[in-house]
Amino acid sequence: MIYVNGDPTEAGDAPTIDDVLRSVDIDPQSAGIAVAVDAEVARRGVWSTRIVCDGARVEIVRAVQGG
Amino acid sequence: MTAPLTIAGRELRSRLLLGTGGFDRLQTLGEAIDACECELVTVAMRRVDAAARGSVLDVIAACGVDVLPNTAGCFTARDAVLTAQLAREALQTDWVKLEVIGDERTLLPDAPELLVAAEQLVDDGFVVLPYTNDDPVLARRLEDAGCAAVMPLGSPIGSGMGIANPANLTLIVERAGVPVILDAGVGTASDAALAMELGCDGVLCASAISRAADPVAMAHAIRHGVRAGVLARGAGRISRRTHARASSPVQGVAEFAE
């Protein structure tokens with residue numbers, strides 16, 4: 001189990017960050033998003049290869065309105 | 001004409017920055033950006049919501065302005081640094097409006113955490129614009145840490161109370177070697193004008209515009225307020241006096257028969 005934006009998520013065996021994104025219906029090619037895995041930024045360049053460990057906490061963020 | 005505002009070597013024609021928070025509709029935000037004639041607008045970073053419709057980035061891009069991500073919602077240096085790094089990754093900018101908040105009720109900055117975050121982000125190559133208290137000592141410490149500007153509050157975020165401590169703001173301006181941008185507390189155009197009259201280099205507004213009854217009209221008003229303040233500062237206001245001083249000649253007053 002992986003926790004994606006706080007929600008427990010099944011993303012298959014040894015999923016990459018790309019796989020995790022797809023598992024929550026986010027296109028990894030989307031502009032304007034960023035990912036942290038266990039409180040460290042995962043650069044876009046590693047999304048297709050980096051395996052996300054079981055129990056990892058993945059945060060996926062984007063820009064929203066804010067002052 | 002007035003000189004452009006220069007932050008970290010970048011010239012900004014507008015001395016008004018707009019916060020994008022609080023607008024009910026993205027269309028109104030776009031119209032307000034145009035009315036402000038600003039070049040930088042802030043955004044926050046939040047979890048992706050697959051159900052969300054429309055993108056603030058699309059509106060910002062259509063207006064031809066640049067984005068300044070903030071770290072709103074962060075209560076620790078660690079979270080603020082990570083949020084800034086995520087913003088850099090998502091938005092390809094190393095500029096950040098640094099916010100580290102002490103508590104939800106006041107939304108006042110947490111000074112120790114703010115300073116730690118500023119130091120770490122400067123070390124990491126960011127152009128750091130910290131939202132800070134109206135504390136001249138903290139402002140100096142942030143400048144010493146390498147911040148590209150300081151952004152003291154006029155009064156608490158969203159309060160609309162204007163500049164609560166103009167004396168402190170003046171002290172910050174007098175001592176600052178980096179631009180001073182009033183951030184938070186502006187309620188209307190005269191607050192923005194006062195900030196510029198006191199010597200600030202710019203003003204950042206969000207709620208004053210986005211939550212006005214007519215946001216676009218208020219955007220126009222505050223843009224003119226900033227402009228008026230700049231011109232008044234340059235014109236040199238008269239000193240305050242305790243007693244009156246006639247502007248009409250004191251000699252030659254007619255004396256009328258009883």
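Proteins come first, then strands; the chains are lettered A, B, ... in the order of their sequence lines, and each starts at number 1.
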>> Can a donor-acceptor pair be found, under 3.5 Å and without considering hydrogens, that links the side chain of B:R47 to the backbone of A:N5?
In response: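 The answer is yes, because a donor-acceptor pair under 3.5 Å joins these two groups.
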
For the residue pair [X] and [Y], what are the closest heavy atoms and their distance?
| X | Y | value |
| --- | --- | --- |
| A:Q65 | B:G22 | NE2-N, 4.2 Å |
| A:A34 | B:L86 | CB-O, 3.2 Å |
| A:G32 | B:L57 | CA-CD1, 4.4 Å |
| A:G66 | B:T42 | O-OG1, 2.7 Å |

> In Å, rounded to the nearest 0.5 Å, how long is the span from CD1 of A:I26 to CG of B:D49?
Replying inline: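 So the CD1 of A:I26 and the CG of B:D49 are separated by 9.5 Å.
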
>> Rounded at 0.5 Å granularity, tell me how far CZ in A:R62 sits from CE in B:M45.
In response: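 Rounded to the nearest 0.5 Å, the CZ-CE separation comes to 9.5 Å.
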
>> Between B:L18, B:V56, B:V48, who has the most heavy-atom pairs with chain A when the cutoff is under 4.5 Å?
In response: B:V48

> Side chain, backbone, both or neither: which part of A:A42 has a non-hydrogen atom closer than 4.5 Å to chain B?
Replying inline: backbone

>> Between A:I33 and chain B, with a heavy-atom cut-off of 4.5 Å, which part of the residue counts as in contact: side chain, backbone, both or neither?
In response: both

> Does the distance from a Lys or Arg side-chain N to an Asp or Glu carboxylate O, for B:E89 and A:R44, drop under 4.0 Å?
Replying inline: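 Salt bridge absent between B:E89 and A:R44.
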
Side chain, backbone, both or neither: which part of [X] has an atom under 4.5 Å from a heavy atom of chain A?
| X | value |
| --- | --- |
| B:L91 | side chain |
| B:Q92 | neither |
| B:A90 | both |
| B:V43 | both |
| B:F23 | both |

